[in-house]
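Input: a single structure, listed below in structure tokens.
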Amino acid sequence: MGIFLLILYSAAMGFILLYSVSQFHLALVYRRFQKKGKKEHETLPPGPREDEEWPFVTVQLPIYNELYVIERLIDAVADFDYPKDRFEIQILDDSTDETVEITAKKVAEIRATKGVQIEQVRRELREGFKAGALQYGMATAKGEFIAIFDADFVPPRDFLRNTIPHFDADHIGVVQTRWEHINENYSMLTRLQAFALDAHFSVEQQGRNAGGFFINFNGTAGVWRRSCIEDAGGWQSDTLTEDLDLSYRAQLKGWRFKFMENLESPAELPAAMGAIKSQQFRWTKGAAEVARKNLGKVIRAKLPLGIKIHATAHLLNSFLFICILTTSLISVPIMVLKANDPQLHDAVQYASIFMLSLLSLILFFWVSRTNRESGPVLPRMLRFSGRFIVFMSISMGLALHNAIATLEGYIGKKSPFIRTPKFAIKDLSDDWRTRTKYLSRRLSPVTLLEGFLAIYFAAGIFLDFFYLDFGLFPFHLLLFFGYSVIFYFSVRHTLIPSA
């Protein structure tokens with residue numbers, strides 16, 4: 001039994017190490033890009049001089065029950081600094097509550113006061129969820145280019161003028177912009193989400209793009225060339241991450257994507273644990289579904305080896321949570337076996353070499369902070385260290401939740417597209433707890449298991465002291481803290497009284 005657990009433990013740690021090495025390589029590519037090619041790469045090409053020369057753009061806003069934020073979104077998009085006769089707004093409204101009436105009223109107001117071409121598009125059946133709504137809107141969209149925004153975004157006025165010129169090259173299929181955060185400093189949870197997203201929208205997206213690897217459209221805050229969508233087979237609803245799916249189908253067709261790190265699109269981060277979990281579940285399960293659908297195509301395609309390696313790591317990133325959960329659960333019994341079997345002791349010590357993956361991740365996230373913070377190195381390192389440790393702990397605490405989502409994606413179990421609730425919060429003066437209409441009131445069995453795992457890893461800490469073996473103590477401490485925090489906020493935010 002001990003040898004079997006050690007093999008399983010080592011295999012999971014091995015995948016984590018390989019994935020971390022791929023992230024380390026992206027950090028190196030990104031640093032090289034920063035030093036050499038950033039200015040030239042992000043220079044805005046000149047746009048047309050005359051208004052009538054700008055291409056026609058359709059702005060699609062797929063929404064579903066967005067009571068708290070829909071007016072904010074419509075106002076921002078209707079205020080675009082783009083020739084009014086060269087763009088239209090499609091509000092793809094699948095709502096089933098008062099959002100429908102609020103949207104209709106706002107549409108009439110915008111038409112009357114701003115003269116913008118705007119339409120509220122309603123379907124009889126919500127088939128295919130977001131992907132279905134986007135594909136449905138394509139039938140009547142007039143634009144040569146399609147800009148897409150989710151309901152939690154507040155795009156800047158010059159968004160179209162700063163993205164459309166980048167389609168100067170014929171085979172650019174997508175221009176994706178970086179997400180900025182309206183409410184980053186609202187709470188610990190929003191700060192940690194921003195920490196992760198900032199790394200994605202710098203080292204990952206810009207690193208992949210600068211290295212010539214596949215990237216993904218992030219579902220919002222980007223613009224598609226219509227012919228690219230059509231050539232790649234259109235929006236398909238057989239995965240929960242239709243954006244990642246279409247991105248890979250398009251790039252396998254030879255289309256190129258362009259990521260613009262210097263173009264910011266502000267958005268609201270989820271503040272409630274239930275909202276964070278629903279978003280994580282959709283992203284994680286959807287990525288597993290896309291891997292199931294497209295990984296074989298990537299491996300068989302005539303592509304450079306570097307593209308295949310990074311695409312494989314990209315598509316298998318959900319599998320990381322299965323590996324984290326596996327190593328976590330095994331770490332407690334393997335410590336007991338090691339203490340009672342001297343022969344196993346050396347083997348476990350050898351397996352610890354895989355902890356080098358932690359160094360790769362530290363560098364990965366440190367590089368992502370270089371453009372976000374300035375000042376003396378020591379204070380920055382202290383701030384980074386504290387946030388990184390808490391981030392790693394909370395990520396470990398989400399491993400059970402996300403591993404279940406990943407397994408469902410791999411085995412093909414279907415589930416509905418669960419929207420992420422938005423609350424229209426900016427700062428501490430906004431209280432999302434008074435806007436809980438869209439939050440679930442049911443305590444998930446997974447939450448109870450998370451509470452059990454907090455106790456399980458507390459027992460692991462006790463055994464660390466019992467056997468006076470502290471090699472896994474930091475690991476168990478992070479796991480205990482992470483699962484405790486996830487359990488606490490899951491229960492607390494579920495039991496908040498309805499407004």
Side-chain angles (χ1 to χ4, degrees), residues 37-62 71-92 106-107 110-111 113-119 134 137-138 141-182 201-202 205-206 209-210 215 217-229 243 255-268 371:
K38 182 173 181 178
K39 184 175 181 181
E40 178 182 349
H41 185 80
E42 295 197 341
T43 300
L44 180 66
R49 293 184 178 182
E50 304 296 332
D51 283 356
E52 62 269 16
E53 294 177 356
W54 285 87
F56 198 91
V57 180
T58 297
V59 182
Q60 292 186 325
L61 312 178
E71 292 180 290
R72 181 181 70 181
L73 171 65
I74 295 175
D75 282 333
V77 174
D79 198 38
F80 275 165
D81 179 21
Y82 199 77
K84 286 186 172 53
D85 62 343
R86 305 306 299 158
F87 81 103
E88 65 174 353
I89 302 171
Q90 281 187 336
I91 305 174
L92 307 174
K106 176 58 71 171
V107 166
I110 295 297
R111 282 177 181 161
T113 59
K114 297 197 174 183
V116 173
Q117 301 178 59
I118 183 169
E119 179 184 11
L134 292 170
M138 288 280 289
K142 298 182 292 185
E144 176 185 354
F145 298 98
I146 310 291
I148 301 172
F149 294 98
D150 284 346
D152 46 342
F153 277 74
V154 187
R157 293 189 71 243
D158 56 1
F159 179 87
L160 293 181
R161 287 190 182 270
N162 284 335
T163 52
I164 296 300
H166 288 289
F167 287 97
D168 56 340
D170 288 341
H171 230 57
I172 293 291
V174 171
V175 172
Q176 174 67 53
T177 66
R178 177 168 63 87
W179 296 4
E180 196 46 70
H181 321 297
I182 296 173
F201 283 101
S202 56
Q205 286 289 66
Q206 192 68 81
N209 205 208
I215 70 168
F217 170 63
N218 292 102
T220 176
V223 185
W224 284 82
R225 190 188 296 271
R226 182 190 185 119
S227 57
C228 174
I229 297 176
D243 45 6
W255 290 94
R256 293 189 295 115
F257 287 18
K258 191 159 192 174
F259 177 71
M260 302 309 301
E261 187 181 358
N262 64 328
L263 297 182
E264 301 175 359
S265 295
E268 177 184 329
N371 287 346

Rounded distance (nearest 0.5 Å) linking atom [atom1] of [X] with atom [atom2] of [Y]:
| X | Y | atom1 | atom2 | value |
| --- | --- | --- | --- | --- |
| R256 | I215 | CZ | CD1 | 11.0 Å |
| L160 | F145 | CG | CZ | 11.0 Å |
| K258 | D168 | NZ | CG | 6.0 Å |
| D152 | R72 | CG | CZ | 7.5 Å |
| T177 | E264 | OG1 | CD | 9.5 Å |
| L134 | L92 | CG | CG | 6.0 Å |

Original post:
When you look at E88 and F56, which way does the side chain to side chain contact (heavy atoms under 4.5 Å, CB included) test go after all the steps?
Top reply: CA-CA 8 Å; E88 65 174 353; F56 198 91; 3.7 Å; yes
**OP:** Consider only side-chain N and O atoms of Q205 and N218, and report whether a donor and an acceptor are under 3.5 Å apart.
**Re:** yes
Subject >> Salt-bridge present (E144, R226; N to O < 4.0 Å) >> reply: no
Please report the shortest heavy-atom distance between [X] and [Y], naming the atom on each side.
| X | Y | answer |
| --- | --- | --- |
| F217 | G222 | CE1-CA, 3.7 Å |
| F149 | A221 | CE2-CA, 3.7 Å |
| K106 | D75 | NZ-OD1, 3.1 Å |
| V154 | A76 | CG1-CB, 3.9 Å |
| P266 | I182 | CB-CG1, 3.9 Å |

So, do [X] and [Y] sit near enough that their side-chain heavy atoms are less than 4.5 Å apart?
| X | Y | value |
| --- | --- | --- |
| W54 | P165 | yes |
| F87 | Q117 | no |
| M138 | T58 | no |
| D243 | I148 | no |
| M260 | T163 | no |

Subject >> V116 vs F80, side chain to side chain contact (heavy atoms under 4.5 Å, CB included): CA-CA, chis, key distance, verdict >> reply: CA-CA 10 Å; V116 173; F80 275 165; over 6 Å; no
Original post:
Between N209 and F257, is there a donor-acceptor pair closer than 3.5 Å when you use the side chain of the first and the backbone of the second?
Top reply: yes
Original post:
So, the side chain of R225 versus the backbone of I172: is there a donor-acceptor pair under 3.5 Å, distance only?
Top reply: yes
**OP:** Please check if atom NZ in K114 has more than 12 non-hydrogen atoms from other residues, nucleotides or ligands closer than 6.0 Å.
**Re:** yes
**OP:** Taking the six-membered ring for Trp and the full ring for Phe, Tyr or His, determine whether the centres of F167 and W224 are under 6.0 Å apart.
**Re:** no
**OP:** List the steps, then state whether side chain to side chain contact (heavy atoms under 4.5 Å, CB included) holds for F153 with W179.
**Re:** CA-CA 9 Å; F153 277 74; W179 296 4; 3.5 Å; yes
Subject >> Verdict with reasoning, E261 to F201, per side chain to side chain contact (heavy atoms under 4.5 Å, CB included) >> reply: CA-CA 7 Å; E261 187 181 358; F201 283 101; over 6 Å; no
